[in-house]
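Reviewing the structure listed below.
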Amino acid sequence: MSKFVSVNKTNGHLLKYIGELSSYDQKEFKEDGSFIINNIENPYFLEENDWKLDILCTISNFSDEYARVIETSTCRNLSFSFMCSSLSTEVKFIFYKKIFNDEWRLNTAFGHHSTCLRRFTDFINKTYPKVESLLELDPIKTNIKWINYLQSIGVRTHKINTNKDNGYTYETKTQTAAFFNLILKALITYLDDRIEWEKDRWDMRNLYRDFGIPYNESKANYYIYFSSIENPHLKDGFKR
């Protein structure tokens with residue numbers, strides 16, 4: 001998906017964000033570890049631009065995390081304060097999906113990513129105050145500006161890693177520097193409306209919903225990845 005997104009397409013995405021943020025799926029757990037999902041009509045995540053940790057911890061999905069999050073996280077809210085309200089809604093949609101899809105634990109969302117969100121909001125409001133969607137941005141140019149912004153405020157953007165097997169060192173981006181790419185990639189994934197078989201990451205929950213294929217509900221890992229297989233014929237063979 002390129003940066004050249006039409007206004008009608010962007011508006012269509014906004015309707016999707018609004019629809020999903022107007023409710024949430026609450027898990028009712030059973031003794032055997034499985035659960036029943038109840039959809040709760042509640043516009044909290046749509047209407048509130050400051051999500052409170054205490055509110056999320058009242059949802060049964062996250063009740064077991066509460067004590068650990070309170071001990072480890074100094075942040076008690078996530079603030080979505082972009083100058084353009086539609087962009088705030090879009091980024092809320094990304095955080096909502098990450099949290100309710102069990103891709104981020106609460107101590108991740110309210111820990112390091114809350115700091116990244118605050119810095120990214122400041123960056124966008126200063127550099128792209130009128131942008132309505134991440135999809136409008138040129139990924140390469142925006143990433144360069146994001147790195148330059150972080151360096152200008154004294155935030156480390158790269159780190160040296162050492163391979164434990166051979167002792168070689170290599171440089172990678174820090175989590176903060178990779179934040180823009182992370183949320184943009186997540187957004188593109190969430191907006192991918194192809195059937196599951198055509199994707200390079202299968203979500204077992206979608207396969208169960210659409211085709212009745214069972215999966216182990218007690219495990220948090222719902223994904224099968226094919227992205228590392230470069231040969232398209234070999235990849236198709238594994239999928240079959």
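Keep in mind that the numbers below use all heavy atoms, side chains included, and drop hydrogens, waters and symmetry copies. Numbering starts at 1 and runs along the sequence shown.
Between the side chain of Thr127 and the main chain of Ile124, no donor-acceptor pair closer than 3.5 Å is present. Within the 3.5 Å criterion, the main-chain N or O of Ser85 finds a donor-acceptor partner in the side chain of Thr89. With hydrogens and angles disregarded, a donor-acceptor distance shorter than 3.5 Å links the side chain of Asp138 to the backbone of Ile140. For Thr174 (side chain) and Arg156 (main-chain N/O), a donor-acceptor pair under 3.5 Å exists by modelled atom type. Between the side chain of Glu41 and the backbone N or O of Ser23 there is no donor-acceptor pair closer than 3.5 Å. A donor-acceptor pair under 3.5 Å links the side-chain atoms of Ser60 to the main chain of Lys27, judged by distance alone. Panel note: side chain Gln26, backbone Ile59; no donor-acceptor pair is recorded below 3.5 Å. The main-chain N or O of Phe82 is found under 3.5 Å from a side-chain atom of Ser88 such that the two form a donor-acceptor pair. When atom types are taken as modelled, the side chain of Asn125 and the backbone of Met83 share a donor-acceptor pair closer than 3.5 angstrom. Thr142 places no side-chain N or O within donor-acceptor distance of the main-chain N or O of Pro139, the cut-off being under 3.5 Å.
A tilted orientation is assigned to the rings of Tyr149 and Phe123, their planes being inclined by 30° to 60°. Using a 30° and 60° split on the angle between ring planes, Phe179 and Phe120 fall in the perpendicular class, above 60°. A tilted orientation is assigned to the rings of Tyr96 and Phe100, their planes being inclined by 30° to 60°.
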Practice task
Before giving the answer on side-chain contact (heavy atoms from CB on, under 4.5 Å), spell out for Phe180 and Leu150 the whole-Å C-alpha distance, their side-chain angles and the decisive distance to 0.1 Å.
Solution key: CA-CA 12 Å; Phe180 169 63; Leu150 291 173; over 6 Å; no

Exercise for the section: Please step through side-chain contact (heavy atoms from CB on, under 4.5 Å) for the pair Tyr190 and Lys98, ending with a clear verdict. Expected result: CA-CA 10 Å; Tyr190 298 144; Lys98 283 286 187 183; 3.4 Å; yes

Exercise for the section: Test Lys52 against Arg76 for side-chain contact (heavy atoms from CB on, under 4.5 Å), laying out the working first. Expected result: CA-CA 6 Å; Lys52 307 298 184 185; Arg76 294 292 183 269; over 6 Å; no

Practice task
In sequence, state the C-alpha distance, the side-chain angles, and the governing distance for Ser86 and Glu132, and then conclude on side-chain hydrogen bond (donor to acceptor under 3.5 Å, both in side chains).
Solution key: CA-CA 6 Å; Ser86 62; Glu132 297 181 355; 4.6 Å; no

Exercise for the section: Take Trp51 and Phe80 through the ring-ring contact (aromatic ring centres under 6.0 Å, His included) test and state the conclusion after the steps. Expected result: CA-CA 8 Å; Trp51 293 359; Phe80 303 90; 4.7 Å; yes

Practice task
Check step by step if salt bridge (charged side-chain N to carboxylate O under 4.0 Å, His left out) holds for Glu20 and Lys97.
Solution key: CA-CA 9 Å; Glu20 294 221 24; Lys97 296 288 282 187; 3.3 Å; yes

Practice task
Show your working on side-chain contact (heavy atoms from CB on, under 4.5 Å) between Phe95 and Leu117 and close with a plain yes or no.
Solution key: CA-CA 10 Å; Phe95 271 69; Leu117 175 60; 4.0 Å; yes

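Using a 4.5 Å heavy-atom cutoff, the side chains of Asn143 and Lys173 are in contact. Leu135 is listed as a side-chain neighbour of Leu191, based on a closest heavy-atom distance under 4.5 Å.
Side-chain contact annotation: Lys92 with Asn49, donor-acceptor N/O pair under 3.5 Å present. Defined by atom type and a distance below 3.5 Å, a donor-acceptor pair is present between the side-chain atoms of Gln151 and Thr157.
Contact check on Asp122 versus Arg118 returns no salt bridge, with no Lys/Arg side-chain nitrogen under 4.0 Å from an Asp/Glu carboxylate oxygen.
Heavy-atom neighbours of Ile153 CD1 from other residues, nucleotides or ligands within 6.0 Å: above the threshold of 12.
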